[in-house]
Amino acid sequence: MNAAIAKALRAFGHFWWDFLIGDTPELALATGIIVALAFLVDGERVVGAILLPLVAAGFLFLSVLRGRRRAPSD
Amino acid sequence: MHNTSSTLVLVLAVFGASLVEMVEALTLVVAAGVSRGWRSAIWGAVAAALVLGVLVVVVGVPLIRYVPIDALRVVVGALLLVLGLSWLRKAILRGSGHIALHDEDRIYAKTVAGLQEPGADSGTAPVAGPHQFDGVGFVVAFKGVFLEGTEVVLIVISLGAAQHRLGLAALAAGAAVLLVGIVGAIVARQLSEVPENLIKTAVGIMLSSFGLFWVGEGAGVNWPGGDLAIPVLVAFWIVVTIAFTAYMKTTLPTAATERSVTR
């Protein structure tokens, strides 16, 4: 019974790890930084509206560069 | 006007996400139906859809009732942002040719081959008669719909809970499931012509827009224009996606550089 619960918990943890982090930990890190920035610029309309999308786009660009693979030769 | 724009984006995002995931699930259900019998495959798909529906109610309703809206929006926004950025990343890499497009025909052929060979790959049992219940067909269809549907459930709960419109989000997802189910039943094969990467890009754009918006809202950022900031964010992500895809196309190694690398 305990083994079954432990297995289910491991599977649950594994699902969330794969879902949130998986092979793109930089995107999880980006989201953490964006949440922190959002609290820091609390109430600053223009700063928040410009800064948050730019930071998100910057991290997406880094993640895309990191994910590129060599294309097939012909 | 404010509510209309966010409601429209919510419906489109949930409908698009459900459409893409259910097209992928349909491939596995059709493969199970063709190789192991339709009765078990359909029961497997229906059972998984019911479990997913129960999950939406069991997890979504308490979230709306008992979690403070600002905390909910930050958590949900972060979840949508991670999901949206990872969908966009994959769409950009696929659109620029760095990774292969999702190929339903190949997945279908592989699944059918695995299911038709007794004992091959997954240790499958012999195929049951046409009117018998086939456990393998049931499990393959159930797993296909359940695993693909889990992401849809998360999107439905996140978007629905953050806007207190769980019913509408569930309805949009249900409509997509119904549409894929009806088309799948009529043509009785996988839907390889659906432009999955395009829909996935659109959904990634909407999830990233909602994610950023809710994180900001929950943390106290006053978006200029209120809810009208959502279409502006959508436009921003469209430009970013097009620009990144175009740039990544220029970084594809040419045949000449490939040869010099391998030499």
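Protein chains get the first letters and strands the later ones, always in sequence-line order, with residue 1 at the start of each.
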S.K.: Give, as side chain, backbone, both or neither, the part of B/Leu85 having an atom under 4.5 angstrom from any heavy atom of chain A.
M.R.: both
S.K.: Hey, could you give me the CD1/CZ distance between B/Ile92 and A/Phe61, rounded to the nearest 0.5 Å?
M.R.: 9.5 Å
S.K.: Report all side-chain donor-acceptor pairs from residues 141-160 of chain B shorter than 3.5 Å, counting only partners two or more places apart or in another chain.
M.R.:
| from | atom 1 | to | atom 2 | distance (Å) |
| --- | --- | --- | --- | --- |
| B/Thr150 | OG1 | B/Phe146 | O | 2.6 |
| B/Glu151 | OE2 | B/Trp87 | NE1 | 2.6 |
| B/Ser158 | OG | B/Leu154 | O | 2.6 |

S.K.: Where on B/Val82 is there a heavy atom nearer than 4.5 Å to chain A: the side chain, the backbone, both, or neither?
M.R.: both
S.K.: For chain B, which candidate among A/Val47, A/Leu40, A/Leu60 shows the most heavy-atom pairs at distances under 4.5 Å?
M.R.: A/Leu60
S.K.: How many angstroms lie between atom CG of A/Leu62 and atom CZ of B/Arg89, to the nearest 0.5 angstrom?
M.R.: 11.5 Å
S.K.: Quick one: closest heavy-atom pair of B/Val215 and A/Ala38, and the distance?
M.R.: CG1-CB, 3.8 Å
S.K.: Identify the heavy atoms of B/Leu212 and A/Pro53 that sit nearest to each other, and give their distance.
M.R.: CD1-CA, 3.6 Å
S.K.: For a 4.5 angstrom cut-off between non-hydrogen side-chain atoms, does A/Val64 reach B/Tyr247?
M.R.: no
S.K.: Could you grab the distance from atom CG of A/Leu52 to atom CZ of B/Phe213, nearest 0.5 Å is fine?
M.R.: 12.0 Å
S.K.: Looking at B/Gly220, B/Gly218, B/Ser209, B/Ser96, which has the largest count of heavy-atom pairs under 4.5 Å with chain A?
M.R.: B/Gly220
S.K.: Enumerate donor-acceptor pairs with a distance under 3.5 Å from any side-chain N or O in residues 26-35 of chain A to protein atoms, sequence neighbours excluded.
M.R.:
| from | atom 1 | to | atom 2 | distance (Å) |
| --- | --- | --- | --- | --- |
| A/Glu26 | OE1 | A/Arg66 | NH1 | 2.8 |
| A/Glu26 | OE2 | A/Ser63 | OG | 2.6 |
| A/Glu26 | OE2 | A/Arg66 | NH1 | 3.3 |
| A/Thr31 | OG1 | A/Leu27 | O | 2.9 |

S.K.: Heavy-atom distance under 4.5 Å to chain A: side chain of B/Ala78, backbone, both or neither?
M.R.: both
S.K.: Looking at every heavy atom in both B/Val221 and A/Gly48, which two are closest together, and how far apart are they?
M.R.: CG1-CA, 4.1 Å
